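For clarity, every value in this text was computed on a predicted model and none was experimentally measured.
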Amino acid sequence: MAVIKHISIKNSNYDAAYDYLTTKHDEFTSKPILDENGKKIPRESFIIEGINCDPTSFGRECEDLNEAARRELQELTGQKKFPSLKDIKSERTALYQQKHAQYEAYSEARAHDKELANIEANMNVLLDRDKPEITKDKSSL
């Protein structure tokens with residue numbers, strides 16, 4: 001049993017999955033086996049059924065679904081053209097580097113804050129001061 005589901009891949013052959021399931025292929029190379037006329041040889045038996053789509057028109061339905069999703073996304077975002085995958089990856093890399101640099105500064109500030117808290121606690125012990133209690137005033141709520 002094989003499940004084919006709708007996928008979004010640019011420039012792909014959506015009919016390839018259906019073709020693979022209905023025609024004979026070399027099990028090592030996954031290339032179709034051709035007869036003497038150069039046509040693909042159908043498998044002896046197979047059961048193919050679609051849920052919410054017709055398996056024979058799966059490729060066209062995927063393309064239609066992806067096109068509808070693209071139009072809807074353009075309508076929601078107001079963008080006519082979306083950035084390329086290369087641009088998105090480079091922006092993600094730049095954001096990761098920025099996050100990494102900021103995290104280093106955050107770690108240093110946190111370590112400095114801990115050091116100051118330790119110094120304050122040591123000073124309170126040396127000067128024999130009690131830590132002031134924090135009370136919540138119920139009338140201010």
Which pair of non-hydrogen atoms, one from D19 and one from T23, has the smallest distance, and what is that distance? O-OG1, 2.6 Å
How close do I33 and D26 get, heavy atom to heavy atom, and via which atoms?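 Looks like CG1-N, 3.7 Å.
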So, using salt bridge (charged side-chain N to carboxylate O under 4.0 Å, His left out) as the criterion, who are the partners of [X] when residues are at least two apart?
X	result
R43	none
R71	E67
K24	E44

Would you give the length of the straight line joining atom [atom1] of [X] to atom [atom2] of [Y], rounded to the nearest 0.5 angstrom?
X	Y	atom1	atom2	answer
Q98	T93	CD	OG1	12.5 Å
H25	I41	NE2	CD1	11.0 Å
E61	D64	CD	CG	7.5 Å
L95	Q102	CG	CD	9.5 Å

With a cut-off of 6.0 Å (strictly less than), are more than 12 heavy atoms of other residues, nucleotides or ligands near CD of E91?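 No.
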The single option from L116, N124, N118, N122 passing side chain to side chain contact (heavy atoms under 4.5 Å, CB included) against E120: N124
Please list all pairs passing the ring pair (Phe, Tyr, Trp, His ring centres under 6.0 Å) test where one or both residues lie in residues 84-105, with sequence neighbours left out.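 Qualifying pairs, neighbours excluded: Y103-Y106.
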Is there a donor-acceptor contact under 3.5 Å linking the side chains of S84 and D87? yes
Who passes side-chain contact (heavy atoms from CB on, under 4.5 Å) against D113, sequence neighbours left out?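 Scan of D113 (side-chain contact (heavy atoms from CB on, under 4.5 Å), adjacent residues dropped) gives none.
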Identify, with sequence neighbours excluded, every residue that meets side-chain hydrogen bond (donor to acceptor under 3.5 Å, both in side chains) alongside K89. none
